[in-house]
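First comes the structure, then the notes that go with it.
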Number of protein chains: 2
Amino acid sequence: MGHSRRDKQTTHERIVRVAAKRFRERGLEGIGVADVMKEAGVTVGGFYKHFGSRDELVVEALATAFKDLDVWEEHTADMAQLLQNYLTEAHRDAPGTGCAMGALLGDMTRGSKSARALYTARVKRSLAFSSALLSSSQRGDKRGRALLFLSALLGAINLSRAVSDPNLSREILHGVRDELIGLVKPGSHMG
Amino acid sequence: MGHSRRDKQTTHERIVRVAAKRFRERGLEGIGVADVMKEAGVTVGGFYKHFGSRDELVVEALATAFKDLDVWEEHTADMAQLLQNYLTEAHRDAPGTGCAMGALLGDMTRGSKSARALYTARVKRSLAFSSALLSSSQRGDKRGRALLFLSALLGAINLSRAVSDPNLSREILHGVRDELIGLVKPGSHMG
DNA sequence: ATTATCTATAGATCTATAGATAATGC
DNA sequence: ATTATCTATAGATCTATAGATAATGC
(Lines give C-alpha, C1' and ligand atoms only; values in the text may rest on other atoms or scores of the structure.)
Protein backbone atom coordinates (compact mmCIF):
# COMPACT_ATOMS: atom_id res chain seq x y z
CA MET A 1 0.00 0.00 0.00
CA GLY A 2 1.73 3.18 -1.18
CA HIS A 3 1.81 6.43 0.75
CA SER A 4 2.91 8.99 -1.86
CA ARG A 5 0.73 11.73 -3.31
CA ARG A 6 0.64 9.95 -6.64
CA ASP A 7 -0.50 6.79 -4.87
CA LYS A 8 -3.27 8.75 -3.21
CA GLN A 9 -4.49 9.94 -6.58
CA THR A 10 -4.61 6.42 -8.05
CA THR A 11 -6.34 5.17 -4.89
CA HIS A 12 -8.90 7.96 -5.29
CA GLU A 13 -9.52 7.00 -8.90
CA ARG A 14 -9.84 3.33 -7.95
CA ILE A 15 -12.44 4.17 -5.28
CA VAL A 16 -14.47 6.25 -7.72
CA ARG A 17 -14.30 3.59 -10.42
CA VAL A 18 -15.53 0.90 -8.02
CA ALA A 19 -18.38 3.19 -6.91
CA ALA A 20 -19.32 4.10 -10.48
CA LYS A 21 -19.75 0.41 -11.22
CA ARG A 22 -21.46 -0.74 -8.02
CA PHE A 23 -23.85 2.23 -7.82
CA ARG A 24 -25.07 1.40 -11.33
CA GLU A 25 -25.47 -2.26 -10.38
CA ARG A 26 -27.07 -1.88 -6.94
CA GLY A 27 -28.36 1.69 -6.79
CA LEU A 28 -26.98 4.69 -4.93
CA GLU A 29 -27.85 3.18 -1.54
CA GLY A 30 -26.93 -0.35 -2.60
CA ILE A 31 -23.34 -0.33 -1.34
CA GLY A 32 -21.74 1.36 1.66
CA VAL A 33 -18.49 3.32 1.80
CA ALA A 34 -16.75 0.51 3.75
CA ASP A 35 -17.42 -2.04 1.00
CA VAL A 36 -16.42 0.38 -1.75
CA MET A 37 -13.13 1.08 0.04
CA LYS A 38 -12.54 -2.62 0.61
CA GLU A 39 -13.08 -3.42 -3.06
CA ALA A 40 -10.69 -0.60 -3.96
CA GLY A 41 -8.06 -2.30 -1.79
CA VAL A 42 -8.04 0.12 1.16
CA THR A 43 -9.79 0.37 4.54
CA VAL A 44 -12.77 2.52 5.51
CA GLY A 45 -10.86 4.91 7.82
CA GLY A 46 -9.24 6.80 4.97
CA PHE A 47 -12.50 7.59 3.23
CA TYR A 48 -12.95 11.11 4.58
CA LYS A 49 -9.43 12.09 3.55
CA HIS A 50 -10.68 11.50 -0.01
CA PHE A 51 -14.26 12.79 0.18
CA GLY A 52 -16.01 15.34 2.37
CA SER A 53 -19.09 13.13 2.58
CA ARG A 54 -20.64 10.03 1.07
CA ASP A 55 -22.59 12.24 -1.33
CA GLU A 56 -19.33 13.63 -2.74
CA LEU A 57 -18.43 10.07 -3.75
CA VAL A 58 -21.86 9.70 -5.34
CA VAL A 59 -21.34 12.86 -7.40
CA GLU A 60 -17.82 11.88 -8.51
CA ALA A 61 -18.95 8.34 -9.35
CA LEU A 62 -21.85 9.75 -11.35
CA ALA A 63 -19.50 12.00 -13.33
CA THR A 64 -17.23 9.02 -14.03
CA ALA A 65 -20.15 6.82 -15.09
CA PHE A 66 -21.35 9.54 -17.45
CA LYS A 67 -17.96 9.51 -19.19
CA ASP A 68 -18.83 6.01 -20.43
CA LEU A 69 -21.85 7.59 -22.10
CA ASP A 70 -19.70 10.23 -23.79
CA VAL A 71 -17.51 7.47 -25.22
CA TRP A 72 -20.57 5.54 -26.31
CA GLU A 73 -22.01 8.55 -28.13
CA GLU A 74 -18.71 9.20 -29.91
CA HIS A 75 -18.89 5.73 -31.42
CA THR A 76 -22.54 6.02 -32.46
CA ALA A 77 -23.11 7.05 -36.06
CA ASP A 78 -26.90 6.89 -36.39
CA MET A 79 -30.08 6.25 -34.40
CA ALA A 80 -30.56 2.70 -35.71
CA GLN A 81 -27.11 1.77 -34.42
CA LEU A 82 -27.83 3.39 -31.04
CA LEU A 83 -31.04 1.39 -30.69
CA GLN A 84 -29.34 -1.87 -31.73
CA ASN A 85 -26.71 -1.39 -29.02
CA TYR A 86 -28.84 0.05 -26.25
CA LEU A 87 -31.84 -2.26 -26.25
CA THR A 88 -29.96 -5.55 -25.93
CA GLU A 89 -29.82 -8.34 -23.38
CA ALA A 90 -26.09 -7.73 -23.00
CA HIS A 91 -26.74 -4.13 -21.92
CA ARG A 92 -29.62 -5.19 -19.68
CA ASP A 93 -27.41 -7.74 -17.91
CA ALA A 94 -24.41 -5.42 -17.43
CA PRO A 95 -25.72 -2.28 -15.70
CA GLY A 96 -22.35 -1.76 -14.00
CA THR A 97 -20.71 -0.84 -17.29
CA GLY A 98 -23.87 0.35 -19.07
CA CYS A 99 -25.84 3.57 -19.35
CA ALA A 100 -25.87 5.40 -16.00
CA MET A 101 -28.91 7.46 -16.98
CA GLY A 102 -30.83 4.20 -17.26
CA ALA A 103 -29.36 2.41 -14.26
CA LEU A 104 -29.90 5.36 -11.89
CA LEU A 105 -33.13 6.80 -13.29
CA GLY A 106 -35.24 5.68 -10.35
CA ASP A 107 -32.67 6.69 -7.73
CA MET A 108 -32.47 10.24 -9.05
CA THR A 109 -36.02 11.06 -8.01
CA ARG A 110 -34.75 10.96 -4.43
CA GLY A 111 -31.13 11.95 -5.04
CA SER A 112 -29.20 14.86 -3.53
CA LYS A 113 -29.37 18.32 -5.09
CA SER A 114 -25.88 18.07 -6.61
CA ALA A 115 -26.42 14.55 -7.95
CA ARG A 116 -29.66 15.59 -9.62
CA ALA A 117 -28.02 18.66 -11.12
CA LEU A 118 -25.35 16.48 -12.71
CA TYR A 119 -27.96 14.01 -13.94
CA THR A 120 -30.05 16.83 -15.40
CA ALA A 121 -27.07 18.20 -17.33
CA ARG A 122 -26.42 14.74 -18.78
CA VAL A 123 -30.05 14.37 -19.84
CA LYS A 124 -29.77 17.66 -21.73
CA ARG A 125 -26.64 16.45 -23.52
CA SER A 126 -28.37 13.21 -24.51
CA LEU A 127 -31.40 15.06 -25.83
CA ALA A 128 -29.16 17.25 -27.98
CA PHE A 129 -27.32 14.18 -29.21
CA SER A 130 -30.54 12.34 -30.06
CA SER A 131 -31.87 15.40 -31.84
CA ALA A 132 -28.75 15.51 -33.98
CA LEU A 133 -29.05 11.81 -34.84
CA LEU A 134 -32.70 12.25 -35.79
CA SER A 135 -32.16 15.28 -38.02
CA SER A 136 -31.29 13.19 -41.09
CA SER A 137 -34.41 11.03 -41.10
CA GLN A 138 -36.87 13.33 -39.34
CA ARG A 139 -38.87 16.11 -40.98
CA GLY A 140 -40.86 17.76 -38.22
CA ASP A 141 -40.47 18.12 -34.47
CA LYS A 142 -37.00 16.73 -33.76
CA ARG A 143 -37.07 17.87 -30.12
CA GLY A 144 -40.31 16.02 -29.43
CA ARG A 145 -38.97 12.91 -31.11
CA ALA A 146 -35.76 13.10 -29.04
CA LEU A 147 -37.82 13.33 -25.82
CA LEU A 148 -39.85 10.30 -26.90
CA PHE A 149 -36.80 8.25 -27.86
CA LEU A 150 -34.94 8.99 -24.61
CA SER A 151 -38.01 8.24 -22.48
CA ALA A 152 -38.67 5.00 -24.35
CA LEU A 153 -35.02 3.87 -24.10
CA LEU A 154 -34.80 4.56 -20.36
CA GLY A 155 -38.24 3.09 -19.74
CA ALA A 156 -37.55 -0.07 -21.74
CA ILE A 157 -34.12 -0.85 -20.25
CA ASN A 158 -35.51 -0.34 -16.73
CA LEU A 159 -38.63 -2.37 -17.43
CA SER A 160 -36.59 -5.20 -18.96
CA ARG A 161 -34.56 -5.32 -15.74
CA ALA A 162 -37.62 -5.06 -13.49
CA VAL A 163 -39.73 -7.95 -14.79
CA SER A 164 -38.86 -11.46 -13.65
CA ASP A 165 -40.22 -13.24 -16.74
CA PRO A 166 -37.28 -13.68 -19.16
CA ASN A 167 -39.53 -13.95 -22.20
CA LEU A 168 -41.33 -10.73 -21.38
CA SER A 169 -38.00 -9.02 -20.67
CA ARG A 170 -36.68 -9.97 -24.10
CA GLU A 171 -39.95 -8.98 -25.75
CA ILE A 172 -39.74 -5.51 -24.20
CA LEU A 173 -36.22 -4.92 -25.50
CA HIS A 174 -36.84 -6.20 -29.01
CA GLY A 175 -40.37 -4.85 -29.34
CA VAL A 176 -39.46 -1.30 -28.36
CA ARG A 177 -36.31 -1.44 -30.48
CA ASP A 178 -38.26 -2.49 -33.58
CA GLU A 179 -40.97 0.11 -33.00
CA LEU A 180 -38.42 2.92 -32.67
CA ILE A 181 -36.50 1.73 -35.74
CA GLY A 182 -39.83 1.82 -37.56
CA LEU A 183 -40.19 5.47 -36.59
CA VAL A 184 -36.71 6.34 -37.86
CA LYS A 185 -37.13 4.45 -41.15
CA PRO A 186 -40.77 5.05 -42.03
CA GLY A 187 -40.34 3.13 -45.30
CA SER A 188 -39.60 -0.28 -43.76
CA HIS A 189 -42.43 -2.51 -42.54
CA MET A 190 -42.12 -5.32 -40.04
CA GLY A 191 -44.38 -7.90 -38.45
CA MET B 1 -56.58 1.76 20.65
CA GLY B 2 -58.92 -1.19 20.08
CA HIS B 3 -58.05 -4.80 20.80
CA SER B 4 -60.75 -6.76 18.98
CA ARG B 5 -60.21 -8.92 15.91
CA ARG B 6 -62.08 -6.41 13.76
CA ASP B 7 -59.81 -3.65 15.09
CA LYS B 8 -56.79 -5.72 14.13
CA GLN B 9 -58.06 -5.99 10.59
CA THR B 10 -58.59 -2.25 10.21
CA THR B 11 -55.18 -1.62 11.79
CA HIS B 12 -53.69 -4.02 9.24
CA GLU B 13 -55.38 -2.20 6.38
CA ARG B 14 -54.23 1.15 7.74
CA ILE B 15 -50.62 -0.06 7.89
CA VAL B 16 -50.75 -1.35 4.32
CA ARG B 17 -52.35 1.85 3.03
CA VAL B 18 -49.67 4.01 4.67
CA ALA B 19 -46.96 1.76 3.19
CA ALA B 20 -48.55 1.78 -0.28
CA LYS B 21 -48.36 5.57 -0.24
CA ARG B 22 -44.94 6.07 1.33
CA PHE B 23 -43.22 3.35 -0.71
CA ARG B 24 -44.40 5.06 -3.89
CA GLU B 25 -43.19 8.42 -2.59
CA ARG B 26 -39.84 7.40 -1.11
CA GLY B 27 -39.05 4.01 -2.64
CA LEU B 28 -39.19 0.55 -1.09
CA GLU B 29 -36.26 1.32 1.24
CA GLY B 30 -37.33 4.90 1.84
CA ILE B 31 -39.33 4.30 5.01
CA GLY B 32 -38.84 1.83 7.86
CA VAL B 33 -41.41 -0.38 9.55
CA ALA B 34 -41.30 1.74 12.74
CA ASP B 35 -42.29 4.92 10.86
CA VAL B 36 -45.00 3.13 8.89
CA MET B 37 -46.48 1.76 12.13
CA LYS B 38 -46.26 5.17 13.78
CA GLU B 39 -48.08 6.83 10.89
CA ALA B 40 -50.73 4.12 11.08
CA GLY B 41 -51.27 5.06 14.73
CA VAL B 42 -49.64 2.01 16.37
CA THR B 43 -46.18 1.13 17.72
CA VAL B 44 -43.46 -0.92 16.09
CA GLY B 45 -43.68 -3.92 18.45
CA GLY B 46 -46.88 -5.23 16.92
CA PHE B 47 -45.51 -5.34 13.40
CA TYR B 48 -44.62 -9.02 13.31
CA LYS B 49 -48.07 -10.02 14.52
CA HIS B 50 -49.30 -8.53 11.23
CA PHE B 51 -46.51 -9.53 8.83
CA GLY B 52 -43.99 -12.35 8.77
CA SER B 53 -41.28 -10.02 7.50
CA ARG B 54 -40.76 -6.54 6.11
CA ASP B 55 -40.95 -7.96 2.60
CA GLU B 56 -44.47 -9.25 3.28
CA LEU B 57 -45.52 -5.66 3.91
CA VAL B 58 -43.83 -4.63 0.67
CA VAL B 59 -45.78 -7.25 -1.27
CA GLU B 60 -49.12 -6.34 0.33
CA ALA B 61 -48.47 -2.63 -0.19
CA LEU B 62 -47.60 -3.29 -3.81
CA ALA B 63 -50.85 -5.21 -4.34
CA THR B 64 -52.81 -2.34 -2.75
CA ALA B 65 -51.02 0.27 -4.84
CA PHE B 66 -51.80 -1.71 -7.99
CA LYS B 67 -55.51 -1.57 -7.17
CA ASP B 68 -55.32 2.18 -7.81
CA LEU B 69 -54.16 1.29 -11.32
CA ASP B 70 -57.11 -1.06 -11.83
CA VAL B 71 -59.48 1.77 -10.89
CA TRP B 72 -57.63 4.15 -13.19
CA GLU B 73 -57.89 1.75 -16.12
CA GLU B 74 -61.61 1.27 -15.53
CA HIS B 75 -62.13 5.00 -15.97
CA THR B 76 -59.99 5.26 -19.10
CA ALA B 77 -61.90 5.14 -22.36
CA ASP B 78 -59.17 5.70 -24.95
CA MET B 79 -55.40 6.13 -25.32
CA ALA B 80 -55.54 9.90 -25.77
CA GLN B 81 -57.33 10.23 -22.44
CA LEU B 82 -54.79 7.93 -20.75
CA LEU B 83 -51.92 10.06 -22.05
CA GLN B 84 -53.62 13.30 -21.00
CA ASN B 85 -54.01 12.01 -17.44
CA TYR B 86 -50.74 10.14 -17.04
CA LEU B 87 -48.21 12.64 -18.38
CA THR B 88 -49.20 15.59 -16.21
CA GLU B 89 -47.46 17.69 -13.60
CA ALA B 90 -50.18 16.71 -11.11
CA HIS B 91 -49.30 13.03 -11.52
CA ARG B 92 -45.57 13.76 -11.43
CA ASP B 93 -45.96 15.64 -8.13
CA ALA B 94 -48.17 13.04 -6.44
CA PRO B 95 -46.34 9.70 -6.70
CA GLY B 96 -47.91 8.53 -3.44
CA THR B 97 -51.33 8.27 -5.08
CA GLY B 98 -50.11 7.79 -8.65
CA CYS B 99 -49.01 4.90 -10.85
CA ALA B 100 -47.06 2.34 -8.79
CA MET B 101 -45.49 0.82 -11.90
CA GLY B 102 -43.91 4.20 -12.57
CA ALA B 103 -43.01 5.12 -8.99
CA LEU B 104 -41.35 1.76 -8.25
CA LEU B 105 -39.85 0.96 -11.65
CA GLY B 106 -36.27 1.55 -10.52
CA ASP B 107 -36.70 -0.26 -7.19
CA MET B 108 -37.99 -3.40 -8.87
CA THR B 109 -34.65 -4.16 -10.52
CA ARG B 110 -33.38 -5.01 -7.05
CA GLY B 111 -36.65 -6.11 -5.43
CA SER B 112 -37.44 -9.44 -3.79
CA LYS B 113 -38.58 -12.41 -5.85
CA SER B 114 -42.21 -12.12 -4.73
CA ALA B 115 -42.34 -8.34 -5.25
CA ARG B 116 -40.95 -8.70 -8.78
CA ALA B 117 -43.42 -11.47 -9.57
CA LEU B 118 -46.32 -9.21 -8.57
CA TYR B 119 -44.85 -6.32 -10.57
CA THR B 120 -44.39 -8.54 -13.61
CA ALA B 121 -48.02 -9.65 -13.49
CA ARG B 122 -49.14 -6.02 -13.36
CA VAL B 123 -46.96 -5.12 -16.35
CA LYS B 124 -48.63 -7.90 -18.33
CA ARG B 125 -52.07 -6.56 -17.43
CA SER B 126 -51.09 -3.06 -18.49
CA LEU B 127 -49.73 -4.30 -21.80
CA ALA B 128 -52.99 -6.11 -22.50
CA PHE B 129 -54.94 -3.00 -21.56
CA SER B 130 -52.81 -0.74 -23.78
CA SER B 131 -53.15 -3.19 -26.65
CA ALA B 132 -56.93 -3.06 -26.30
CA LEU B 133 -56.92 0.76 -26.28
CA LEU B 134 -54.72 0.86 -29.37
CA SER B 135 -56.80 -1.61 -31.38
CA SER B 136 -59.22 1.05 -32.65
CA SER B 137 -56.62 3.40 -34.12
CA GLN B 138 -53.82 0.98 -34.89
CA ARG B 139 -53.55 -1.20 -38.00
CA GLY B 140 -50.39 -3.26 -37.57
CA ASP B 141 -48.37 -4.49 -34.62
CA LYS B 142 -50.50 -3.61 -31.59
CA ARG B 143 -48.26 -5.55 -29.20
CA GLY B 144 -45.16 -3.65 -30.30
CA ARG B 145 -46.99 -0.36 -29.98
CA ALA B 146 -48.20 -1.28 -26.47
CA LEU B 147 -44.61 -2.08 -25.43
CA LEU B 148 -43.45 1.27 -26.80
CA PHE B 149 -46.24 3.24 -25.13
CA LEU B 150 -45.73 1.59 -21.73
CA SER B 151 -41.94 2.09 -21.88
CA ALA B 152 -42.34 5.72 -22.95
CA LEU B 153 -44.91 6.45 -20.21
CA LEU B 154 -42.80 4.90 -17.45
CA GLY B 155 -39.63 6.47 -18.79
CA ALA B 156 -41.16 9.93 -19.12
CA ILE B 157 -42.80 10.07 -15.68
CA ASN B 158 -39.57 8.87 -14.04
CA LEU B 159 -37.42 11.26 -16.07
CA SER B 160 -39.72 14.18 -15.27
CA ARG B 161 -39.26 13.37 -11.57
CA ALA B 162 -35.50 12.86 -11.88
CA VAL B 163 -34.44 16.14 -13.50
CA SER B 164 -34.11 19.21 -11.30
CA ASP B 165 -34.85 21.76 -14.04
CA PRO B 166 -38.61 22.51 -13.89
CA ASN B 167 -38.75 23.66 -17.49
CA LEU B 168 -37.10 20.49 -18.75
CA SER B 169 -39.38 18.41 -16.55
CA ARG B 170 -42.48 20.01 -18.05
CA GLU B 171 -41.05 19.70 -21.54
CA ILE B 172 -40.53 15.95 -21.07
CA LEU B 173 -44.14 15.41 -19.96
CA HIS B 174 -45.74 17.50 -22.67
CA GLY B 175 -43.31 16.57 -25.43
CA VAL B 176 -43.72 12.82 -24.97
CA ARG B 177 -47.48 13.19 -24.54
CA ASP B 178 -47.81 15.09 -27.83
CA GLU B 179 -45.58 12.65 -29.70
CA LEU B 180 -47.57 9.65 -28.49
CA ILE B 181 -50.88 11.35 -29.30
CA GLY B 182 -49.44 11.96 -32.76
CA LEU B 183 -48.85 8.23 -33.11
CA VAL B 184 -52.43 7.39 -32.08
CA LYS B 185 -53.99 10.02 -34.33
CA PRO B 186 -51.79 10.00 -37.42
CA GLY B 187 -54.02 12.57 -39.12
CA SER B 188 -53.42 15.43 -36.68
CA HIS B 189 -50.31 17.60 -36.97
CA MET B 190 -48.80 19.68 -34.18
CA GLY B 191 -45.86 22.09 -33.81
C1' DA C 1 7.05 17.59 9.54
C1' DT C 2 3.65 16.14 6.80
C1' DT C 3 0.41 12.87 5.14
C1' DA C 4 -1.73 8.41 3.31
C1' DT C 5 -3.56 4.77 5.36
C1' DC C 6 -4.67 1.92 9.32
C1' DT C 7 -7.41 0.11 13.55
C1' DA C 8 -11.09 1.06 16.51
C1' DT C 9 -15.29 3.01 17.79
C1' DA C 10 -19.11 6.49 18.61
C1' DG C 11 -23.70 7.37 17.40
C1' DA C 12 -27.55 6.80 14.46
C1' DT C 13 -30.16 3.98 12.00
C1' DC C 14 -33.08 -0.43 10.97
C1' DT C 15 -35.25 -5.29 11.37
C1' DA C 16 -36.70 -8.51 14.47
C1' DT C 17 -37.76 -10.43 19.12
C1' DA C 18 -38.93 -10.83 24.22
C1' DG C 19 -41.91 -10.08 27.63
C1' DA C 20 -45.50 -6.91 29.84
C1' DT C 21 -50.14 -4.83 29.61
C1' DA C 22 -54.83 -4.51 28.79
C1' DA C 23 -58.36 -5.58 26.12
C1' DT C 24 -61.64 -9.35 23.89
C1' DG C 25 -64.28 -13.55 23.67
C1' DC C 26 -65.47 -18.03 25.18
C1' DA D 1 -57.56 -17.98 28.16
C1' DT D 2 -56.50 -15.71 24.30
C1' DT D 3 -54.75 -11.93 21.76
C1' DA D 4 -53.86 -7.02 20.04
C1' DT D 5 -50.84 -3.80 21.24
C1' DC D 6 -47.29 -1.86 24.14
C1' DT D 7 -42.37 -0.86 25.99
C1' DA D 8 -37.72 -2.16 25.68
C1' DT D 9 -33.85 -4.00 23.54
C1' DA D 10 -30.65 -7.24 20.97
C1' DG D 11 -27.94 -7.44 16.97
C1' DA D 12 -26.75 -5.93 12.50
C1' DT D 13 -26.04 -2.42 9.69
C1' DC D 14 -24.07 2.36 8.12
C1' DT D 15 -21.71 7.16 8.15
C1' DA D 16 -18.40 9.70 10.26
C1' DT D 17 -14.52 10.61 13.51
C1' DA D 18 -10.37 9.91 16.66
C1' DG D 19 -5.98 8.66 17.15
C1' DA D 20 -2.05 5.40 15.81
C1' DT D 21 1.23 3.84 12.27
C1' DA D 22 4.32 4.10 8.64
C1' DA D 23 5.46 6.04 4.68
C1' DT D 24 6.90 10.48 1.83
C1' DG D 25 9.15 14.83 0.99
C1' DC D 26 11.30 18.99 2.39
Side-chain angles (χ1 to χ4, degrees), chain A residues 1-62 104 107 110-115, chain B residues 1-62 104 107 110-115:
Chain A
M1 215 57 56
H3 284 253
S4 71
R5 287 177 190 169
R6 173 167 295 172
D7 287 335
K8 182 175 185 184
Q9 195 189 323
T10 67
T11 298
H12 189 97
E13 287 163 5
R14 227 162 47 241
I15 297 167
V16 173
R17 234 178 299 130
V18 168
K21 183 179 181 187
R22 296 302 178 205
F23 284 154
R24 274 179 283 184
E25 285 175 359
R26 308 180 196 173
L28 292 182
E29 327 268 79
I31 185 166
V33 298
D35 285 336
V36 171
M37 294 295 275
K38 193 174 191 177
E39 200 176 328
V42 282
T43 58
V44 64
F47 183 82
Y48 292 89
K49 294 292 194 303
H50 284 277
F51 308 94
S53 68
R54 186 186 191 278
D55 189 56
E56 271 189 24
L57 171 64
V58 169
V59 170
E60 278 198 44
L62 208 54
L104 299 172
D107 290 52
R110 300 172 269 269
S112 72
K113 196 175 174 180
S114 46
Chain B
M1 215 58 54
H3 284 253
S4 71
R5 288 178 189 169
R6 174 166 293 173
D7 287 336
K8 182 174 184 184
Q9 194 189 325
T10 66
T11 297
H12 189 97
E13 287 163 5
R14 228 161 48 241
I15 297 167
V16 173
R17 234 179 299 129
V18 168
K21 184 180 180 187
R22 295 302 179 205
F23 284 155
R24 275 179 281 183
E25 286 176 357
R26 308 180 196 173
L28 293 181
E29 327 268 79
I31 186 167
V33 297
D35 284 336
V36 171
M37 294 296 274
K38 192 175 191 176
E39 200 176 328
V42 283
T43 57
V44 64
F47 183 83
Y48 292 88
K49 294 292 194 305
H50 284 276
F51 308 93
S53 68
R54 187 187 190 279
D55 189 55
E56 271 189 24
L57 171 64
V58 169
V59 169
E60 279 198 43
L62 208 54
L104 298 174
D107 290 52
R110 301 172 267 270
S112 72
K113 196 173 173 180
S114 44

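Every chain is numbered from 1, with letters handed out A, B, ... down the list of sequences. Since we're looking at a predicted model, the values are computed, not measured.
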>> From the set D:dT5, D:dT15, D:dA8, return the single nucleotide nearest to any side-chain atom of B:Val44.
In response: D:dA8
> Which listed nucleotide (C:dT24, D:dT7, C:dC6) is nearest to the side chain of B:Thr43?
Replying inline: D:dT7
> To the nearest angstrom, how far is A:Arg54 atom CZ from D:dA16 atom P?
Replying inline: 8 Å
> What integer distance in Å separates B:Asp7:CG from C:dG25:P?
Replying inline: 9 Å
>> Given C:dA4, D:dT7, C:dA16, identify the nucleotide with an atom nearest to the side chain of A:Lys8.
In response: C:dA4
> Just wondering, do B:Ile15 and B:Met37 contact through their side chains at under 4.5 Å, heavy atoms?
Replying inline: yes
> Between B:Lys113 and B:Asp55, is the closest basic N to carboxylate O distance under 4.0 Å?
Replying inline: no
> What's the shortest heavy-atom distance between B:Phe51 and B:Glu60, and which atoms?
Replying inline: CE2-OE2, 3.6 Å
>> Any side-chain N or O of A:His50 below 4.0 angstrom from OP1/OP2 of C:dT5?
In response: yes
> B:Glu29 has an atom CD; how far is it from atom C1' of D:dC14, in whole Å?
Replying inline: 13 Å
>> Under 4.0 Å, counting only non-hydrogen atoms across every strand here, what does B:Lys49 touch: a base, just sugar-phosphate, or nothing?
In response: base
> Taking NE2 from A:His12 and P from C:dT5, how many angstroms apart are they, rounded to a whole number?
Replying inline: 11 Å
>> Testing the basics here: between A:Ala61 and A:Ala20, what is the closest heavy-atom pair and its distance to 0.1 Å?
In response: O-CB, 3.5 Å
> Is the distance from OP1 or OP2 of C:dA16 to the nearest side-chain N or O of B:Tyr48 less than 4.0 Å?
Replying inline: yes
> What does B:Gly32 touch in the nucleic acid at a heavy-atom separation under 4.0 angstrom: a base, only the sugar-phosphate, or nothing?
Replying inline: sugar-phosphate
>> Between A:Arg22 (side chain only) and A:Gly32 (backbone N and O only), is there a donor and an acceptor less than 3.5 Å apart?
In response: no
> Within a strict 4.5 Å, meaning less than it, do heavy atoms of the A:Ser112 and A:Val58 side chains meet?
Replying inline: no
>> Side chain of B:Ser4, heavy atoms from C-beta onward: which of D:dT15, C:dT15, C:dG25 has the nearest atom to it?
In response: C:dG25
>> Taking B:Asp107 first and then A:Arg110, would you say they form a salt bridge - that is, a charged N and a carboxylate O separated by under 4.0 Å?
In response: yes
> Between D:dC14 atom P and A:Leu28 atom CG, what is the distance in whole Å?
Replying inline: 15 Å
> In dot-bracket, 5' to 3', how would DNA chain D read with Watson-Crick or G-U wobble pairs under 3.5 Å, [ ] for crossing ones and | for pairs to another strand?
Replying inline: ||||||||||||||||||||||||..
> What's the closest nucleotide to the B:Val33 side chain, out of C:dT5, C:dT15, D:dC6?
Replying inline: C:dT15
> Is B:Val16 close to B:His12 at the side-chain level, that is, under 4.5 Å between some pair of heavy atoms?
Replying inline: yes
> Taking atom C1' of C:dG25 as reference, at what distance in whole Å does atom CZ of B:Arg6 sit?
Replying inline: 14 Å
> Rounded to the nearest Å, what distance is computed from the CZ atom of residue A:Arg14 to the C1' atom of nucleotide C:dT5?
Replying inline: 12 Å
> To the nearest angstrom, how far is B:Lys38 atom NZ from C:dT13 atom C1'?
Replying inline: 14 Å
>> Reading DNA chain C from 5' onward, which residue's closest nucleotide shows up sooner: B:Ser53 or B:Arg5?
In response: B:Ser53
